[in-house]
Asks: 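Below: one structure in structure tokens.
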Amino acid sequence: MEYDFREIEKQWQEKWKAGKAYKVSNDSAKPKYYVLDMFPYPSGAGLHVGHPLGYIASDIYSRYKRLKGFNVLHPMGFDSFGLPAEQYALETGQHPAETTRINIATFKSQLDKIGFCYDWDREVRTSDPSYYRWTQTLFLKLFNSYFCNTQKKARPIADLIKKYETKGSRHFTAEQWNAFSKKEQEDILMSRRLAFSAYGEVNWCEALGTVLANDEVVNGVSERGGFPVVKKKMRQWYLRITAYADRLLEGLETVDFSESMKEMQRNWIGRSEGAEVEFAIDGSEKKLRVYTTRPDTIFGVDFMVLAPEHELVASITTAEQKQAIDEYLGYVKSRSDRERMAEVKQITGCFTGAYALNPFDGKKIPVWIAEYVLAGYGTGAIMAVPCGDQRDYSFAKHFNIPITNIIGSHYNGEEANPTKEAILENSGFLNGMLMKDAISVAVNKIEELGIGKRKVNYKMRDAGFSRQRYWGEPFPITWKDGIAVPLDESELPLELPHVDKYGPGPEGEGPLANLNDWVNVEGGRRETSTMPGYAGSSWYFLRYMDPHNEQSFCDRKASDYWNQVDVYIGGTEHAVGHLLYSRMWTKVLFDLGYISFDEPFKRLVNQGMIQGSSRFVYRIKGKNEFVSLGLKNKYETDPLHVDVNIVDGIELNINAFRKWKPEFSEAIFICEDGSLNTPISGGRGAGGEAKYICGSEVEKMSKSKYNTVNPDVLVEKYGADTFRMYEMFLGPVEASKPWDTKGIEGVHRFLRKLWRLFNDELKGKIWNEEKATDAELKILHKAIKKIEEDTERFSFNTAVSSFMICVNELADAKCFKKEILEKILILLTPYAPHIAEELWSQLGNNGSVLDAAYPVFDGKYLVETSKDYPVSVNGKLRTNMSLPVDIQQQEVEKLVVENDVVQKWLEGKAPKKIIFVKGKMINVVI
RNA sequence: GCCCAGGUGGCGGAAUUGGUAGACGCAGCAGACUCAAAAUCUGCCGUUCGCAAGAUCGUGCUGGUUCGAUUCCAGUCCUGGGCACCA
């Protein structure tokens, strides 16, 4: 009997489906385990071999945990709202709902072929009304909450209203509050809500009449059409994630993420400690507030810089400078965020004509504006200290502003020195102090004089939460007299209405604004923007726990049972966005008492990227002739990407290439040996068919580079089990590595070899029920130990290699014994479930191998009486000696000195020292 | 510029705590079986020297610590990823 993987895999997939083998219950006596993948966006291109890497890893781990006796939740779903579907609709007129449905069907069929253990009954789709109903509900919970700065947690906005009504606040009394108009009250509340609306700048393209994402703006013009893009203030929705900045930082201490991942999140949050300081402006009542982390350098301030958008710019600019400033502002407006960020080297700015006064020595400090100061960070104004900050230094040099040196010899006059270790000079009351000590002295003085205070700042901003788009969750909000009125939760879902046109609405609003019937409701107008892609993905891990609940987004009993995601697997590209948002949502839901944990993911594993290995052919300039890699330098050639699927290793399938594209049908090839291959004659080299060798390069896997490999093709050719094991065998899950189909043969051979331990091609069944020998048990238990350890630490590549070693050893030992083999099958189940189940049933077992008990390692089979020690002389390996395991130092020394090889190296001298590490090695020092 | 990862045979990679560098697989070479091919099996497979035994060098580079370094430390180069005028 042969290993007919196609038949076997088909048959068992059907049986598992019929028997609901992957059904997961919320009601189990077993301990729970939750393994989650970052769910995919169902793109039109389908899966390539890079996608399933993480899915296979998590599937192996889930199946392993199941065998170890856990009730495992391992769900899958689709992040199905998003821009690409809408863009596609704009181009083709096909409705996103329809293309999304088709794409999901493709994804599911591709995933199913690989044999994942998903309980599809728990599938979620973020674009499904039965799902986004709850996204809208959670939005309302955010809308109806505020962050209490005393308790450092979210609380219902009703609590805040009650407080305002009875006690007032720092800014108004209870009486004043009660006398405010409804609109005034709502505006105050809006400034506290966790989901709030405010004016913010967007990339506005007048020609397209729409708002663009940063991605869609290239070099200051729109990607589509190349029209100019300017910044425009528009009403937007935001999530107040900054309120959670400290808790998001603290929470990192409690989770098992990689250090680099934590570091990225810390950098994104960007907490810094410093001070806000007020500077008087010469001849004006206005005060200028700056934020600085280095108040110790205050005597070294040689100029001030405001962001061009700063509110003081208009009022402090002098008449003489007005024209120059206006020109500069015009220039800044023409520049996109991208450009302002990209061109770091270019120094621009303009003097306002105004002077600020140093609060300590009264020195007049010129006030400039420059685009390198960002309006959104700190106070949008800085005090510039050229001797201590490189950007300030370059700016001063460029505009010939005199530089004050406050750090003596630490400043060399040629570049800034940001040290904190220098002794201060030219610094009034700070003179003679070490800079790092002077920081708090300076702040204390500033606070004492009432001109500033300590301040903690964050780089992170509140997260923009609205998009002027169609394919997203509608906001359950109606605007009435300028007030945002939420829908009642019972009115949800607010379904996304059908549209026929996907173009923007009037005034830059989203496509929904075109639907008058939908927008205009009694007494108000619906919010026409929709939620961004990350809305649905911020909480989906909760919905899997209780996917069909119609009373709540997730029953408390279900979330108490499944609790945190034990292992979360996904790529680093979501390091900051998605992970921070879902961590924030979790904290809010925890604060409000809906769930019992405030970090969603206990452990995070980042899978690496699978890169494409591109292949090139070399076309001779101006001809339809291609020259093989080794000869290409003799001609002037252009490299052309060629589809990797018609190249075997690096050898081109010439006939397939001619059929690949019509323009190549008549192509002529100069092969590696110099012979010609033409469409008529074919190729006849000296020794048969001559080869055309391709060039290769590692690049990102993408359709346009013709280096994508479809898993379907490999599953069809080698089977799902081979494919799964090969993806793992490629290297560590965390590492990025290029895909090379060539090696898959080796894994396939391994599975066939395993098969032959049970069945012989001629004799049929060869497995038997004889008693296993100690040597065979040793092979087994060595494998159990290694494979269990490797699986536990996500080292799947070494586990696969251990399987190979084990099967090689069993084959060498001609061990066909059920006692051994059935244990191997259980070990193999997470990796290659189909073949494991088939052979398991051939062995005459009744139940499924999916629920077998994981073999228990017994160390007694591995006990050795002697050990083969490496013996080094002066650290260089010279020989080996077999010694009893319980041997003592003294005896070792005696035996080692007697050894012939050691004798030779000793040359009659006595060793200085003999190092003996029990169980490891021996080193003779001469 | 800053931060993070990484650099080991022709290739993917292994070496879990400082202790035999190159497991396992691919590719390659030689052989067995076969009329032949496929499949399968056996042997070889980092460098240089050598018939061999063996020696020599060898984990990006330069140093250091150590009886012993792919592993730890300092410096440096390169590659990949992320962030980016953050005061």
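We name chains A, B, ... by the order of the sequence lines, and we start the count at 1 in each one. Below, each value reflects all heavy atoms present in this structure, side chains not excepted, and no hydrogens, waters or symmetry copies.
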Asks: What's A:K912 touching, base or sugar-phosphate or nothing? Going by heavy atoms closer than 4.0 Å.
Replies: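 The residue A:K912 makes no contact with any strand.
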
Asks: Picking from A:N923, A:V901, A:T879, what satisfies side chain to side chain contact (heavy atoms under 4.5 Å, CB included) with A:V871?
Replies: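 The single option meeting the side chain to side chain contact (heavy atoms under 4.5 Å, CB included) with A:V871 is A:T879.
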
Asks: Please tell me which of the listed nucleotides, B:A87, B:C3, B:A14, lies nearest to the side chain of A:N267?
Replies: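 So the side chain of A:N267 is nearest to B:C3.
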
Asks: Take atom P in B:G25 and the same atom in B:C44, then report the distance between them in whole Å.
Replies: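 The same atom, P, in both gives a distance of 14 Å.
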
Asks: So, does A:K753 get its side chain near the phosphate of B:C41, meaning an N or O under 4.0 Å from OP1 or OP2?
Replies: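 So the side chain of A:K753 is within the cut-off, an N or O lying under 4.0 Å from OP1 or OP2 of B:C41.
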
Asks: So what does A:N808 touch, heavy atoms closer than 4.0 Å: a base, only the sugar-phosphate, or nothing?
Replies: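 If one applies the 4.0 Å heavy-atom cut-off, A:N808 turns out to touch the sugar-phosphate alone, with no base involved.
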
Asks: A:N606 side chain N/O closer than 4.0 Å to the phosphate oxygens (OP1, OP2) of B:G81?
Replies: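 False: A:N606 side-chain N/O out of range (4.0 Å or more) of B:G81 OP1/OP2.
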
Asks: Distance between the P atoms of B:C49 and B:G82, in whole angstroms?
Replies: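 It comes out at 46 Å once rounded to the nearest Å.
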
Asks: How long is the line joining OH of A:Y372 and C1' of B:G1, in whole Å?
Replies: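 Those two atoms, OH and C1', are 16 Å apart.
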
Asks: May I have the distance from A:Q265 (atom CD) to B:C83 (atom P), rounded to whole angstrom?
Replies: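 In whole Å, B:C83 P and A:Q265 CD are 13 Å from each other.
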
Asks: Which nucleotide, if any, forms a Watson-Crick or G-U wobble pair with B:G1, using both distances under 3.5 Å?
Replies: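 WC or wobble partner is B:C83.
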
Asks: Mark yes when over 12 heavy atoms from residues, nucleotides or ligands other than A:Q889 sit less than 6.0 Å from its CD; otherwise mark no.
Replies: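 Atom CD in A:Q889 is packed in, count exceeds 12.
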
Asks: Measuring from A:I382:CD1 to A:L306:CG, what's the distance to the nearest 0.5 Å?
Replies: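 With rounding to 0.5 Å, CD1 (A:I382) is 9.5 Å from CG (A:L306).
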
Asks: Take the angle between the ring planes of A:F303 and A:F395 and call it parallel below 30°, perpendicular above 60°, tilted in between.
Replies: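 Because their plane-to-plane angle is under 30°, the rings of A:F303 and A:F395 count as parallel.
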
Asks: Using atom C1' in both nucleotides, what's the gap between B:U8 and B:C83 to the nearest angstrom?
Replies: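 Taking atom C1' in both B:U8 and B:C83, they lie 30 Å apart.
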
Asks: In whole angstrom, give the distance that lies between atom CG of A:L604 and atom C1' of B:C4.
Replies: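 So the two atoms are 15 Å apart, to the nearest Å.
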
Asks: Tell me which nucleotide, if any, is Watson-Crick or G-U wobble paired with B:A32 when both distances must be under 3.5 Å.
Replies: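 B:A32 is paired with B:U40.
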
Asks: What nucleic acid atoms does A:K920 come within less than 4.0 Å of, heavy atoms only: base, sugar-phosphate, or nothing?
Replies: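 Sugar-phosphate only.
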
Asks: Distance between the P atoms of B:U65 and B:C73, in whole angstroms?
Replies: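 Approximately 16 Å lies between the P atom of B:U65 and that of B:C73.
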
Asks: Considering only the P atoms, how many Å lie between B:A23 and B:G18, rounded to the nearest integer?
Replies: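 About 23 Å, rounded to a whole number of Å.
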
Asks: For A:K876 and B:U56, what is the distance between atoms NZ and C1' respectively, to the nearest whole Å?
Replies: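 Answer to the nearest Å: 8 Å.
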
Asks: Without decimals, in angstroms, what is the distance between A:I914 CD1 and B:G68 P?
Replies: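 That distance rounds to 16 Å.
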
Asks: Under 4.0 Å, heavy atoms only, any strand: does A:K455 hit a base, just the sugar-phosphate, or nothing?
Replies: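 Touches nothing.
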
Asks: When you get a sec, tell me which of B:C86, B:G12, B:A14 is the closest nucleotide to the side chain of A:P732?
Replies: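 Looking only at heavy atoms from C-beta outward on A:P732, the closest nucleotide is B:A14.
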
Asks: Would A:N267 and A:K459 satisfy side-chain hydrogen bond (donor to acceptor under 3.5 Å, both in side chains), going step by step from the backbone distance to the final call?
Replies: CA-CA 8 Å; A:N267 289 342; A:K459 268 204 281 192; 5.9 Å; no

Asks: Considering only atom C1', compute the distance from B:U56 to B:U47 and round it to an integer number of Å.
Replies: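 It comes out at 9 Å once rounded to the nearest Å.
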
Asks: Does A:N797 place a side-chain N or O at less than 4.0 Å from the phosphate oxygens OP1/OP2 of B:A14?
Replies: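 Looking at the OP1 and OP2 atoms of B:A14, one of them is under 4.0 Å from a side-chain N or O of A:N797.
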
Asks: Of the candidate nucleotides B:C86, B:C67, B:G25, which contains the atom at the shortest distance from the side chain of A:M804?
Replies: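 Closest nucleotide among those given: B:G25.
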
Asks: Which of the following nucleotides, B:U20, B:G19, B:C24, is nearest to the side chain of A:I805?
Replies: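 In terms of side-chain proximity for A:I805, the closest of B:U20, B:G19, B:C24 is B:C24.
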
Asks: Heavy atoms under 4.0 Å, any strand shown: does A:W739 hit a base, just sugar-phosphate, or nothing?
Replies: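 A:W739: no heavy atom of the nucleic acid under 4.0 Å.
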
Asks: What is the distance, to the nearest angstrom, from the OH atom on A:Y726 to the P atom on B:C11?
Replies: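 Taking OH of A:Y726 and P of B:C11, I get 15 Å after rounding.
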
Asks: Would you classify A:R793 as touching base, sugar-phosphate or nothing, given that sugar-phosphate means primed atoms plus P, OP1 and OP2, and contacts are heavy atoms under 4.0 Å?
Replies: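 The answer is base, as A:R793 lies within the cut-off (heavy atoms under 4.0 Å) of a base atom.
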
Asks: For the side chain of A:E371, starting at C-beta, report the closest nucleotide among B:A14, B:C86, B:C85.
Replies: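 The answer is B:C85.
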
Asks: Expressed in whole Å, how much space separates the C1' atoms belonging to B:G50 and B:C72?
Replies: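 Pairwise C1' distance, B:G50 against B:C72, rounds to 38 Å.
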
Asks: Does B:G68 have OP1 or OP2 under 4.0 Å away from a side-chain N or O of A:R878?
Replies: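 No, outside the criterion.
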
Asks: I want to verify a distance call: between B:C67, B:U40, B:U56, whose nearest atom is closest to the A:R749 side chain?
Replies: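 Nearest to the side-chain atoms of A:R749, counting from C-beta on, is B:U40.
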
Asks: Choosing from B:A55, B:U20, B:G12, which nucleotide comes nearest the side chain of A:W905?
Replies: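 Looking only at side-chain atoms, A:W905 lies closest to B:A55.
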
Asks: Could you check A:M921 against A:L730 and say which one's nearest nucleotide on RNA chain B is further toward the 5' end?
Replies: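 Nearest nucleotide further toward 5': that of A:L730.
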
Asks: Any non-hydrogen side-chain atom of A:E893 less than 4.5 Å from a side-chain atom of A:F916?
Replies: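 Answer no - side chains too far apart.
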
Asks: Which heavy atom in A:V373 sits nearest to a heavy atom in A:P308, and how many Å separate them?
Replies: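 Looks like O-CD, 3.9 Å.
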
Asks: On a whole-Å scale, what distance lies between the P atoms belonging to B:C2 and B:U71?
Replies: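 Straight-line distance between the two P atoms is 25 Å.
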
Asks: When you get a sec, tell me which of B:C57, B:U16, B:G54 is the closest nucleotide to the side chain of A:K904?
Replies: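 That would be B:G54.
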
Asks: For the pair made of CZ in A:R752 and P in B:U40, what is the distance, rounded to whole Å?
Replies: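 For the pair A:R752 CZ and B:U40 P, the rounded distance is 5 Å.
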
Asks: In whole angstrom, what separates A:D389's CG from B:A87's P?
Replies: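 In whole Å, B:A87 P and A:D389 CG are 9 Å from each other.
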
Asks: Looking at the side chain of A:I382, which of B:C86, B:U20, B:A87 is the nearest nucleotide?
Replies: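 Of the candidates, B:A87 comes closest.
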
Asks: For A:R756 and A:W268, take the nucleotide of RNA chain B holding the closest heavy atom to each; which residue's nucleotide lies nearer the 5' end?
Replies: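 That would be A:R756.
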
Asks: Hey, is B:G9 sitting syn or anti, using the within-90° cutoff around 0?
Replies: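 B:G9: syn glycosidic orientation.
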
Asks: So if I take every side-chain heavy atom of A:S801 and compare against B:C24, B:A21, B:G19, which nucleotide ends up nearest?
Replies: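 Within the option list, the nearest is B:C24.
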
Asks: Does B:G25 have a Watson-Crick or wobble mate here (both distances under 3.5 Å), and if so which one?
Replies: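 Partner of B:G25: B:C11.
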
Asks: Taking pairing as Watson-Crick or G-U wobble with both contacts under 3.5 Å, can you name the mate of B:U16, or confirm there isn't one?
Replies: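 Partner of B:U16: none found under 3.5 Å.
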
Asks: Classify A:S272 by what it touches in the nucleic acid, base, sugar-phosphate, or nothing, heavy-atom distance under 4.0 Å.
Replies: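 Sugar-phosphate contact only - A:S272 comes under 4.0 Å of backbone atoms but never of a base.
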
Asks: Partner lookup for B:G6, please. Criteria are Watson-Crick or G-U wobble with both distances under 3.5 angstrom; report none if nothing qualifies.
Replies: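 Base partner found: B:C78.
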
Asks: Does atom NZ of A:K737 have more than 12 heavy-atom neighbours, drawn from other residues, nucleotides or ligands, at distances under 6.0 Å?
Replies: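 Atom NZ in A:K737 is packed in, count exceeds 12.
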
Asks: Under 4.0 angstrom, heavy atoms only, what part of the nucleic acid is A:D392 near: base, sugar-phosphate, or nothing?
Replies: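 Since no nucleic acid heavy atom lies under 4.0 Å of A:D392, the category is nothing.
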
Asks: Measure the shortest side-chain to side-chain distance between A:L883 and A:L895 over non-hydrogen atoms and say whether it is less than 4.5 angstrom.
Replies: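 With C-beta onward as the side chain, the pair touches.
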
Asks: With a cut-off of less than 4.0 Å, is there a side-chain N or O of A:R391 near OP1 or OP2 of B:A87?
Replies: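 No.
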
